[in-house]
K.L.:
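Here you go, one structure.
These numbers come from a predicted model, not from an experiment.
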Amino acid sequence: MQKFYGFKNAQACLTKLGDWAKRTDGPYCPGVWDTILCWPAAKAGTKVYLPCPPMPGLVPENKAWKNCGPEGQWETKEKGVYTNGTGYTYYRDCYSREAWEAYVKYLSNKTVQEKEMIKEIINNSRTLEIVGLCISVVTAIISLVIFCYFSTLKCHRTRIHKNLFVAMIVQISMRIILYVDQLVARETGGKIAGAASGDSNTIYDTPIFCEVLYSLLEYTKTVKFMWMFIEGIYLHNMIAVSVFSGKPNYIVFYSIGWGFPMLLTIAWVIPMSQIYETRCWFGYYMNPLIWIIEGPRAAVMAVNLFFLLNIIRVLVMKLRESQTNEANKLRKAVKAAIVLLPLLGLTNFVVMLEPDGADAVKFSVYSFSSSFLNASEGFFISLLYCFLNGEVRQALKRQCYRWRQHRLIHSSSLRRMSRSLSIFTSFTEVPHTTTSQKSQPSAVASNGDVSEISEGTQSRFSAIFKGRTSRRQSSRDMGSGAGPKLTSDAPDLPDIVTCRTDLMCEEKV
């Protein structure tokens with residue numbers, strides 16, 4: 001089957017057509033390249049069809065068509081008007097319903113300059129989103145490591161936090177992979193009308209696998225919302241009411257957080273795979289089926305909004321009971337609301353709003369603000385509930401103090417060891433002697449060398465052992481005596497500090 005798409009210029013198209021680029025056996029419209037499809041020469045007065053290219057938002061099973069006029073000229077967009085150029089190609093039947101609605105809303109009835117501005121806004125907002133996602137995934141991983149490493153931070157609240165961070169890390173990682181894959185598909189496989197040509201062999205151009213990844217992406221996104229819902233339940237019960245007493249029921253939490261999103265995703269994937277025809281489910285967010293999973297997410301945000309308002313109400317009532325002025329009360333209530341917004345997922349309300357495609361300025365404001373809020377959600381949650389948390393900061397300070405003490409003790413031990421070992425470099429090693437050799441002033445070694453112990457060396461060893469003996473005796477006297485126990489102003493060292501040899505403790509008083 002001949003391929004009529006994927007050409008980078010008109011010359012490549014005409015070269016591929018060969019004899020079908022121009023016919024001389026009658027009035028024919030010449031072969032042309034309309035920047036998407038390569039059209040062979042067509043007989044005058046006929047309508048010619050070609051399969052739609054396998055591009056995002058287009059249905060390859062449908063047909064695009066052109067009109068060839070009675071005098072061998074291609075018809076333009078105006079009926080009955082013909083030209084010697086490429087003419088007009090009717091791609092209306094190629095678009096899926098969702099893609100056509102997006103085209104009419106954002107690109108239809110706009111000038112070339114306005115269309116280029118819209119595309120530039122989309123590209124810049126996508127770049128902003130990728131940068132924000134990378135920052136969010138790094139901070140979320142660091143937060144998860146901190147909560148898992150420090151045993152002093154382990155509690156019911158941080159256990160819920162860890163599940164939320166896991167869901168966010170997986171979901172953000174998959175979004176980064178899919179976004180980067182789309183960029184690679186356009187750069188390596190070539191672009192047709194700004195979209196990937198379909199020949200890059202990337203995930204974006206791989207049937208079924210691309211749909212599976214988008215299904216997993218929506219699953220992890222729903223998991224994130226469910227754990228935000230659990231965060232709202234736990235926080236609301238801790239501050240406002242007391243429904244669950246004692247230890248939280250984690251079986252229920254895990255069923256809501258990980259099991260329920262699986263059921264929603266399956267209920268969404270089955271009809272999508274049967275009725276959705278476009279590759280990689282392009283524009284599936286404009287399909288009404290998205291409300292199978294988007295509806296519960298919106299319900300979660302509505303319930304969390306109720307939790308937030310009730311929590312603020314309880315906080316204001318408690319602040320009124322305390323003897324503080326109204327300004328401090330208002331400031332604390334607003335601060336609590338701002339802190340709780342990202343945790344409860346309420347910033348996603350902005351993303352769910354319908355953008356205005358008629359005005360480029362309004363569209364740019366919506367695009368950049370939604371991309372920023374959506375991409376930086378993980379960063380703000382990590383910042384507010386990990387890096388700025390007082391318990392976490394205290395745990396990190398204690399760990400840094402232990403690390404500095406360990407480095408200090410280790411370096412001090414090495415210095416003492418080097419001083420102690422320097423003793424052995426000041427005298428010659430004496431070989432073992434026999435009984436008959438003990439009375440002789442010198443001994444002959446097996447290799448014929450003679451080693452002597454100088455009086456200075458003997459006196460040095462005597463001084464060392466006498467000093468050590470006197471210090472041990474004095475310490476025992478102080479420990480067993482009736483006098484008061486002496487204390488030192490130096491801080492207590494960790495329990496792991498032990499004297500492994502006498503030489504290492506030579507200078508320790």
Side-chain angles (χ1 to χ4, degrees), residues 1-18 20-21 29-42 46-68 74-77 85-108 112 115-116 118-119 122-123 178 181-211 213-214 272-273 275-284 286-287:
M1 181 177 180
Q2 189 174 358
K3 180 179 175 182
F4 295 98
Y5 65 91
F7 299 98
K8 296 183 178 180
N9 51 56
Q11 184 60 40
C13 166
L14 297 177
T15 302
K16 181 67 177 179
L17 291 176
W20 283 97
C29 291
V32 293
W33 179 64
D34 64 359
T35 69
I36 298 177
L37 290 176
C38 184
W39 294 86
T46 60
K47 181 186 292 187
V48 291
Y49 296 86
L50 283 180
C52 299
M55 294 172 57
L58 304 184
V59 183
E61 291 76 16
N62 295 346
K63 303 285 186 180
W65 53 277
K66 291 174 72 72
N67 271 333
C68 181
W74 292 109
E75 186 179 39
T76 63
K77 192 174 183 179
T86 59
Y88 181 76
T89 305
Y90 292 86
Y91 284 102
R92 173 64 184 85
D93 295 337
C94 290
Y95 284 94
S96 64
R97 183 177 63 85
E98 295 78 18
W100 179 251
E101 290 177 358
Y103 176 81
V104 171
K105 184 174 183 179
Y106 299 113
L107 298 178
S108 180
V112 177
K115 291 180 179 180
E116 291 298 325
I118 294 291
K119 293 178 181 179
I122 294 174
N123 292 332
L178 290 172
D181 180 79
Q182 292 176 12
L183 178 62
V184 173
R186 288 193 294 268
E187 295 299 327
T188 60
K191 292 185 288 187
I192 299 177
S197 64
D199 295 331
S200 63
N201 295 322
T202 59
I203 298 174
Y204 195 61
D205 293 326
T206 305
I208 299 178
F209 185 48
C210 182
E211 286 82 354
L213 288 184
Y214 273 106
M272 283 289 294
S273 60
I275 67 174
Y276 218 80
E277 299 176 346
T278 59
R279 177 170 56 86
C280 218
W281 291 348
F282 180 84
Y284 65 86
M286 302 187 69
N287 191 294

K.L.:
With under 30° as parallel and over 60° as perpendicular, where do the rings of Tyr90 and Trp65 fit, or are they tilted in between?
P.N.:
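Taking Trp65 first and then Tyr90, their aromatic rings lie parallel (interplane angle under 30°).
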K.L.:
For Glu75, which residues count as a side chain to side chain donor-acceptor pair (under 3.5 Å) partner, sequence neighbours excluded?
P.N.:
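Counting only residues at least two positions away or on another chain, Glu75 forms a side chain to side chain donor-acceptor pair (under 3.5 Å) with Asn67.
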K.L.:
Is Tyr95 close to Val104 at the side-chain level, that is, under 4.5 Å between some pair of heavy atoms?
P.N.:
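They are not in contact (no side-chain heavy atoms under 4.5 Å apart), so the answer is no.
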K.L.:
How far apart are the closest heavy atoms of Val59 and Cys52, and which atoms are they?
P.N.:
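Smallest heavy-atom distance, with atoms named: O-CB, 3.4 Å.
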K.L.:
I'd like to know if the side chain of Trp281 and the backbone of Cys210 have a donor-acceptor N/O pair within less than 3.5 Å.
P.N.:
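Checking the backbone N and O of Cys210 against the side chain of Trp281, no donor-acceptor pair under 3.5 Å is found.
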K.L.:
Does the pair Lys66 and Val32 meet the rule for a side chain to side chain contact (heavy atoms under 4.5 Å, CB included), with working shown?
P.N.:
CA-CA 11 Å; Lys66 291 174 72 72; Val32 293; 4.2 Å; yes
K.L.:
Hey, what do you get for OH (Tyr106) to NZ (Lys119), rounding to the nearest 0.5 Å?
P.N.:
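Here the interatomic distance stands at 15.0 Å.
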K.L.:
Which value, rounded to the nearest 0.5 Å, describes the distance between Gln182 atom CD and Thr202 atom OG1?
P.N.:
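Separation between the atoms: 9.0 Å.
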K.L.:
Say you draw a straight line from CG of Leu37 to OG1 of Thr86; how long is it, rounded to the nearest 0.5 Å?
P.N.:
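If I round to the nearest 0.5 Å, the distance is 12.0 Å.
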K.L.:
Do Leu17 and Trp33 come close enough that some side-chain heavy atom pair is under 4.5 Å?
P.N.:
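In short, these two side chains do not touch, never coming nearer than 4.5 Å.
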K.L.:
So, applying side chain to side chain donor-acceptor pair (under 3.5 Å) with Asp34, which one of Tyr91, Trp74, Tyr88 is it?
P.N.:
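When side chain to side chain donor-acceptor pair (under 3.5 Å) is applied between Asp34 and each of Tyr91, Trp74, Tyr88, only Tyr91 qualifies.
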K.L.:
Answer whether the closest heavy-atom distance between the side chains of Glu98 and Tyr284 falls below 4.5 Å.
P.N.:
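They are not in contact (no side-chain heavy atoms under 4.5 Å apart), so the answer is no.
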K.L.:
Can you tell me how far the CG atom of Leu50 sits from the OG1 atom of Thr89, to the nearest 0.5 Å?
P.N.:
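It is 9.0 Å, given to the nearest 0.5 Å.
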K.L.:
Is there a side-chain contact between Cys13 and Trp39, using heavy atoms and a 4.5 Å cut-off?
P.N.:
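Side chain of Cys13 against side chain of Trp39, heavy atoms only: no contact under 4.5 Å found.
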K.L.:
Looking at every heavy atom in both Ala42 and Val48, which two are closest together, and how far apart are they?
P.N.:
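Reported closest heavy-atom pair: CB-CG1, 3.4 Å.
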K.L.:
So, Asp93 side chain and Asn62 main chain: donor-acceptor pair closer than 3.5 Å or not?
P.N.:
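No, the answer is negative, given that no donor and acceptor are paired below the 3.5 Å cut-off.
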K.L.:
Is there a side-chain contact between Leu178 and Leu213, using heavy atoms and a 4.5 Å cut-off?
P.N.:
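Contact flag for Leu178/Leu213 side chains = yes.
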